[in-house]
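To find a chain, count down the sequence lines: A is the first, B the second, and so on, and within it residues start at 1.
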Amino acid sequence: MAYSDKVIDHYTNPRNVGTLDKNKNNVGTGLVGAPECGDVMRLQIEVDANNTITDAKFKTFGCGSAIASSSLATEWLKGKTIDEAVKIDNMDIVEELALPPVKIHCSVLAEDAIKAAINDYRVKNGLEPLEAEKSHH
Amino acid sequence: MNLPIYLDNNATTPMDPRVLDAMLPYFNQKFGNAASRNHAFGWVAEEAVDYSREQVAKLVGANEKEIIFTSGATESDNLALKGVFEMYKDKGNHIITCVTEHKAVLDACKHLEKLGARVTYLPVKTDGLIDLQQLEDAITDQTILVAIMYGNNEIGVIQPVKEISAIAHKHGALFFTDATQAVGKIPVNVIEDGIDLMAFSAHKMYGPKGVGALYVRRKNPRVKVTAQMDGGGHERGMRSGTLNVPGIVGFGKACELCRLEMADEAKRLSALRDKLQNSLLELEESYVNGNIEHRLPHVANISFKYVEGEGLMMAMKDLAVSSGSACTSASLEPSYVLKSLGLSDDLAHSSIRFGLGRFTTEEEIDYAIEQTKKAVNHLRDLSPLWEMFKEGIDLDKIEWAEH
Ligand SMILES: Cc1ncc(COP(=O)(O)O)c(C=O)c1O
Ligand code: FES
């Protein structure tokens with residue numbers, strides 16, 4: 001399968017690879033997927049007092065599209081408020097990276113990881129987790 | 001050195017230029033129909049087919065009358081299984097095969113099950129070989145055929161065919177082997193190996209695509225298969241259709257070259273393969289899949305734990321290899337062959353098959369080693385699983401959100 005230039009770019013020069021201290025109160029961690037399925041994504045956000053995401057990091061075990069989706073997600077997250085971040089939709093990622101239909105689930109994983117990271121942050125800070133809204137599986 | 005480097009010779013091989021040269025006249029100059037008995041065009045074509053048949057037969061120790069030309073191993077597998085079932089169904093309806101067979105065998109068996117066959121799919125041991133005792137235990141007085149492949153296409157393991165055929169014969173069953181990956185790579189001899197039917201294909205041995213053969217024993221015992229295609233009664237009535245003369249000529253030449261060069265080539269390739277394998281095993285948490293003693297000389301299937309095969313192949317973009325990972329929405333299942341060795345799904349997702357060939361050079365292998373190591377390290381830097389492993393976290397204890 002041919003990959004789009006954007007996928008190749010994110011894959012070869014992934015942005016924001018790394019690890020934030022998951023024990024910090026202002027860090028939210030989302031770990032989604034399963035090794036058996038061939039994909040595991042960990043996405044982390046660091047949030048300041050104004051509810052703005054100041055840093056985002058990822059690590060992904062998965063195909064090139066999964067790696068590119070999570071790399072792109074971290075780029076988009078930085079500078080967004082939590083409320084804005086919740087609105088990131090997997091289809092935005094599909095469009096930006098020109099993912100073919102068989103790779104849509106890689107973007108779903110990235111959306112799930114964003115939501116999971118936000119919920120982890122919310123729970124740590126005494127807020128209700130958001131309802132898991134069914135994404136485009 | 002030209003990039004990308006082709007290391008997928010189990011999928012198909014490039015044609016040897018000598019094979020191409022042999023074929024060319026048969027497209028437009030000597031284009032006759034080998035079945036045309038009444039003019040020179042036909043005779044020339046028939047002569048070429050006869051010569052090729054001899055070359056094919058000679059490579060596997062058969063008589064030329066025992067070679068049925070087909071369109072490839074898929075057709076040969078189908079003809080063997082369906083043809084034997086149809087021919088011998090009065091004697092019994094039981095077939096024994098194994099779980100790591102090629103889809104052409106497994107799906108033909110599935111088809112026969114719908115027609116009333118009972119099929120036993122033997123498991124394999126963790127090294128990919130079948131258990132001979134299990135084979136013998138599975139045989140009943142209804143067993144007409146044992147179908148076990150010679151060399152496996154994903155991991156290269158070589159089944160103990162002599163022992164398997166002996167067990168089949170002891171109980172009055174025929175022995176069929178899909179030898180597509182083995183013929184032309186290692187010595188295969190239908191007499192010494194006790195083979196009654198055997199499928200193989202030209203494009204895996206530096207010949208053209210779309211031509212193959214089914215060996216059907218004529219003596220001790222005389223084996224017959226019911227034709228699966230009706231028509232002019234070519235190939236002793238077992239496979240109708242105008243012969244693919246250029247393809248058959250190429251197949252014959254490919255067999256001749258393999259017969260003459262196989263021994264040296266196997267030595268050279270297994271040395272290169274071992275170099276590749278040993279260098280890659282220097283990487284932490286990397287494992288060879290399948291038995292390494294009973295293995296084709298040109299194959300190495302290696303899992304690199306904590307990286308995913310498809311992502312890895314993308315990083316090895318200058319290497320044409322194949323992966324046992326199939327994480328797409330069409331099929332979330334990784335390779336059934338690797339899984340049947342008892343490999344966990346994540347290791348199966350982390351596997352790469354390297355298939356060397358006649359035109360593989362040492363320079364290419366050195367480059368492949370360097371690229372693969374770089375790619376594995378790059379992906380491990382990106383892998384959350386690798387980080388957890390390094391921190392000593394037991395991945396099996398995590399509750400994954402499977403989807
Ligand atoms: C073991 C085995 N059997 C059968 C086949 C099918 O061969 P062909 O492409 O000639 O139909 C292959 C090749 O993919 C193979 O490796
Ligand atoms: S993560 Fe499964 S195909 Fe991309």
Side-chain angles (χ1 to χ4, degrees), chain A residues 1-4 7-8 10-19 22 29-44 57-71 74 99-109 111-113 115-116 132 134-137, chain B residues 285 303-318 323-335 338-339 343-351 374-391 393-403:
Chain A
M1 187 185 334
Y3 293 96
S4 73
V7 169
I8 292 172
H10 274 281
Y11 176 83
T12 343
N13 307 297
R15 331 286 201 260
N16 307 310
V17 177
T19 310
K22 63 176 186 295
T29 301
L31 181 66
V32 296
E36 293 73 44
C37 307
D39 45 27
V40 174
M41 206 177 269
R42 189 191 62 202
L43 200 145
Q44 296 182 297
K57 297 271 185 225
F58 85 94
K59 280 201 177 185
T60 291
F61 163 87
C63 74
S65 306
I67 290 169
S69 297
S70 37
S71 167
T74 57
L99 297 182
V102 292
K103 293 293 174 183
I104 289 180
H105 82 273
C106 319
S107 72
V108 170
L109 207 60
E111 183 186 323
D112 290 350
K115 302 250 153 79
K134 259 291 158 231
S135 40
H136 307 261
H137 276 265
Chain B
E285 297 293 314
S303 284
F304 304 97
K305 219 171 168 185
Y306 312 115
V307 298
E308 190 273 334
E310 197 185 328
L312 185 58
M313 283 206 296
M314 195 172 161
M316 300 162 47
K317 62 178 183 313
D318 289 332
S323 163
S325 180
C327 178
T328 66
S329 52
S331 133
L332 274 165
E333 284 292 298
S335 150
L338 295 178
K339 284 188 70 173
L343 239 64
S344 61
D345 278 11
D346 54 335
L347 261 181
H349 274 302
S350 302
S351 75
K374 237 200 306 205
V376 170
N377 288 328
H378 172 65
L379 282 172
R380 283 184 172 167
D381 286 343
L382 293 183
S383 168
L385 303 179
W386 178 249
E387 185 184 302
M388 292 175 187
F389 163 70
K390 283 280 155 185
E391 285 172 356
I393 297 172
D394 183 354
L395 294 174
D396 293 334
K397 299 246 159 67
I398 296 182
E399 270 189 43
W400 299 102
E402 293 193 34
H403 54 278

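Considering all non-hydrogen atoms of both residues, B:Met314 and A:Val7 come closest at CE-CG1, 3.8 Å. The nearest pair of heavy atoms linking B:Glu387 to A:Thr19 is OE1-OG1, 2.7 Å. When all heavy atoms of B:Tyr306 and A:Phe61 are compared, the closest pair comes out as O-CD1, 3.2 Å.
Between chain B and the residues A:Val40, A:Ile67, A:Val17, the largest count of heavy-atom pairs under 4.5 Å involves A:Val40. Taking chain B as the reference chain and counting heavy-atom pairs below 4.5 Å, the highest number among A:Gly18, A:Pro35, A:Ser71 is found for A:Pro35.
With sequence neighbours excluded, no residue forms a side chain to side chain donor-acceptor pair (under 3.5 Å) with B:Ser383. Residues satisfying the side chain to side chain donor-acceptor pair (under 3.5 Å) test with A:Lys22, not counting sequence neighbours, are none.
Within the model, atoms CG of B:Leu385 and CZ of A:Arg42 stand 9.5 Å from one another, a figure rounded to the nearest 0.5 Å. With rounding to the nearest 0.5 Å, the separation of CD in B:Glu310 from CG in A:Asp39 is 10.5 Å.
A:Tyr11 places a side-chain N or O within donor-acceptor distance of the main-chain N or O of B:Gly311, the cut-off being under 3.5 Å.
Side-chain contact between B:His378 and A:Pro14 is present, with at least one heavy-atom pair separated by less than 4.5 Å.
For chain B, the nearby part of A:Thr12 is the backbone; its heavy atoms alone come within less than 4.5 Å.
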